[in-house]
Structures are given as structure tokens and as C-alpha cells.
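Inspection log for the structure reproduced underneath, given as C-alpha cells.
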Amino acid sequence: MAFYLGIDSSTQSMKGLVIDPAAGSVVSSASVHFKTDLPQYKCPDGVLAHIDPLVKHADPLMWLAALDLLLARLQATGVDMGQIAAIGGDGQQHGSVYLNGRFAQALSGLNPSLPLAEQLKGALARPTSPIWMDSSTSAECRELDAQFGARLQADTGSPAIERFTGPQIRKYAKTEPERYAQTERIHLVSSFLCSVLIGKDAPIDAGDGAGMNLLNLRTLAWDAEIAAFTAPGLAAKLPRVGTGVAGGLHAYFAKYGLKPGLPVAVWTGDNPASLVGTGAWDAGVAVVSLGTSDTFFAALDAFRTDPEGCGHVFGNPAGGFMSLACFKNGSLARDRVRQEAGASWEFFDQKAFELTPAGNGGRLALPWFVPEITPPVLTPGLRANFDFAAAAPEVRIRAVVEAQALALRSHALWIGAFDTIRVTGGASKSPGIRQTLADVFQARVESIAVADSAALGGAMLAAHADGVPLAVMTDSFSPVTAVCEPDPARAAVYDGLLAAVRALEKQP
Ligand code: XUL
């Protein structure tokens, strides 16, 4: 009976999940919240305060302290840590950690009587790590665009994006050239933590590496030309690209009851891990995750890119590629619309849809209360094609839910057709939202009850690296809890509104 541990290092917390694939059960879990558990690192929401609102950095030592605390908490749950046969994991994407020449020795010589953060502090070439929320690299993005044009997206899967690691490294090399020169290794959050577990440099996988504007997805190797332009000598500072097992667990971790030498799978990004954890690693199934932001992701049957440059292509840890589109105005925007309409959640989730017809008479509204990512629009503000403020609450609610579903569909057209959409996240409980998605996509909408899809994906990837097929685990760990079938009579209504939502997106 082998257990597998998955660790998810996300923006505001670190979570661990131990699974038993033979029994199809989650055996134990624990989490560390940066705000309440590690306040001394001053990253309550995972980010250090900064005078420039575009700059979002975190303290990488906090992630090390979180790893120690998480493993201690897991052990304290009483789970037999000795039964863990492999470890996998993932990190928030795009964030980077800068190490000096002392890193390799500090890793191999880890001493179990001292905390990780204390032992690796001296190996940081840069005290802070830019994370995915940073958008301070517009100048560097324009420079990359000017140099490589369409090739950047055609080969790396995305045009130059502010939060992506390449533009971040370019800005660092330009603004802090001395520190950059002392940087010998640049890791992603995922490969940094994996390196710590194995006590030596771990590879970056194609799932997370694709979020850097540096990995050539046609060759699955660093693009030498792009790396050389991004920053001087960058290729030599990047770890290798790899998959499968990264190495054996360092003896440091025996203090948590873990077996030294057990295989540690190459870590990936949180979105690729979620693709695995939600059981959508095979083409034909898309996932709509309705959270603070809404995300749409799916496995791609072949490598191709979004002609509009909004969606990204990452490696699929199960092989091949995946797509991801992020819609910044998700649940918070829906909640604001609900509050301003003076409606209860009950009304928002169901009643509003009973009171209005599918298609809402063509009335649509996009609740862009913060700048949107898909499509990229910097000027916030609600866009509507009717007098929104004067309309009845049910009309406003349907207008927003339908416009969001139509925007998801229209920005996913390049990915392919889907007969199944799996929904997760808080808002996926809403019957009105589920039926709208089913009707707009004309696809079967399946609800899945997976609380920590990224950590679960990490655990499943650990088991997979140890020979357990993913398909077997998907059935037991991502079961379908409810199904919503599309109404074919509504297909034409929504086909007819695709152009209208595109017109709305262009409204100033
Ligand atoms: C994806 C992205 C975020 C982070 C943090 O491109 O920026 O989803 O991975 O979750």
C-alpha cells in the first residue's frame, strides 16, 4: 500500500495532500497560510508591500519556512510518512528565485538540525522573487516584441507577457546588473522547491517552463536566441528542462518521517497540475474554474497558439500541451453585480434565470471592474449594450452571466470543440451559471468536487512517476457530482450572440 504526497505552493498558502491510489482516498492533508502562520515574512497575501502598485514580489525564504512547517504539520496528522513512496508538486507559475554560487553546496549539505530558510538564506542572489501578479515589465515586453515579433508566440506559446519570467529576468538584468552577474541559477518557484527536496538542481518541466517566454515548445529546449536577447549569459543560468523523476529525497527530510532517497517527480506549474487533478489531461474535456478570477483550461490535441494572443500554451504534464485563458473579473465582479442589484445569492443563482429568457433579448454586460486579461483591456468599467443601471435585477444578472459564458466560448474557439466541460470553484455551485455554460457551449457540464486540484495533481503525478496510470486515479479522485445537459433549442440563440459579445469587448 503506497501513499503519494503532492505539495502545492500557491500565492497565499502551501498545501499538502497524501493520497492512497489503491484505496482511491485522500489519506491526509495539511496547509500553511502565509498570513496567519508566517506573519514575520510580511507577505500576508503572498506579496511584499511595494510603493509601485505594478511591482509584486514575495520573500522566497517564506516558501522554505512553509515547506518545513507543512511537512511537520502533515506528520502531526498521524499519517505514516514512511508509507509515502514518491513526492510531486507544483508552484504558482512565472515566479522566479535567484541563486548565487553557494546554492549547490548549501543544498547538498542541508543539516536537519537547522531550518531550511536559515541554511539557504546565504544562497540567494536576490532577496525577493517577482511573482505572477507583477506587471511592471511592459518596457521589456515591448523590447521582446520588437526583436522577435510573432515568433515569440509561435515558438514559446505566448506573446511577451508582463508576469512571464523572461521579461522579469530582462528587467532585473537591466536594473540590477551587479546582482544579476552574481546570479548563477534562476529557478521557478516549482523547480526551486523541487531542488530543495532533492538537495540538488532540479529541472524545469514544460508545463511551468512554458510560462517564461523562453522555452521553445517546438523543440522543448531553451530557445538560445531568445535567452541571449533576454539577458546576458542567461542560458547558462537556467536549469535543464526535464520530466519524470527529478531525483531522490535529501536525507534532511528524514526528520519528518520521510524515507531518504524516495523519488521526487519534477514539479510543474499550478495550472498544469490542476489539469491533472481535475481529470482533464485528455483532449475533449475543458475545465472552467470559477474563482476570484475565472480560468479556462484544456488539453490541446496538437501544438497551436491563440491567433489573438490572449490564451497561453503550456506543457501538459500527461504529455503534449494545454491551453489556458485567464479572465480576471470573475467571482468578485459577479458579487458586486449581485450586491448592486440588491439580490440574494439564491436569486442570483436560480430565480434570475427563471424570470428571464435565454439570450436575454440580446442584452449583455461585461463586469470589468478591474483591468481585464482576456482580452487585455486596461481601462476598467462595466461594458453593457443596454441601460444597465435602469434594468431589473434579473436582467442585469443574466446579462453578466451570459456575457461571461459567451466570452469564455469565443476566446476558446481556437482551442477546439468540447463535448464536456468540468466546472470547479465556488461559483460552480450556481445552477444558473452551470445551465448557461451548458447552453452556450452546447456541452455537458460536469461538477466535480475537488478541493485542491493542484495539490491533488501533484500527488497524482508522483504516483504516475511511480507507475500508477493517471486514468485509474481520475475516476476515484475527480468524481462527477452533478451533470447539467445542454438544451439544443438554445444553440442558435447563443451562436447569434457571439458577435455581440465581441462588439461589447471593443466598447471603450
Ligand atoms: C497563470 C497565472 C496564475 C498563476 C497563479 O498564467 O498567472 O494562474 O499560476 O496561480
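Just so you know, ligand 1 is whichever comes first in the structure, and atom 1 is the first atom listed for that ligand. Predicted, not measured: the structure shown is a model, and the values here were computed from it.
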Donor-acceptor side-chain pairing of Thr474 and Trp281 below 3.5 angstrom: yes
Nearest protein heavy-atom contact for atom 5 (C) of ligand 1: which residue, which atom, what distance? Asp270 OD2, 3.3 Å
Considering only the protein, which heavy-atom contact is closest to atom 8 (O) of ligand 1, and what is its distance? Asn271 ND2, 3.0 Å
Could you tell me whether His94 and ligand 1 have an N or O pair separated by under 3.5 Å? yes
Do His312 and Gln93 pair up side chain to side chain, a donor and an acceptor below 3.5 Å, judged on atom types alone? no
If we count only N and O atoms by modelled type, under 3.5 Å, do the side chains of Glu162 and Ser138 hold a donor and an acceptor together? yes
For atom 7 (O) of ligand 1, the option (of Gln93, Gln92, Arg163) bearing the nearest heavy atom: Arg163
Distance under 6.0 Å and angle within 45° of ring axis: Lys237 vs Tyr98: no
At under 4.0 Å between heavy atoms, which part of Thr295 makes contact with ligand 1: side chain, backbone, both or neither? neither
Has Arg185 got its NZ or CZ under 6.0 Å from the middle of the six-membered ring of Phe103, at an angle within 45 degrees of the ring axis? no
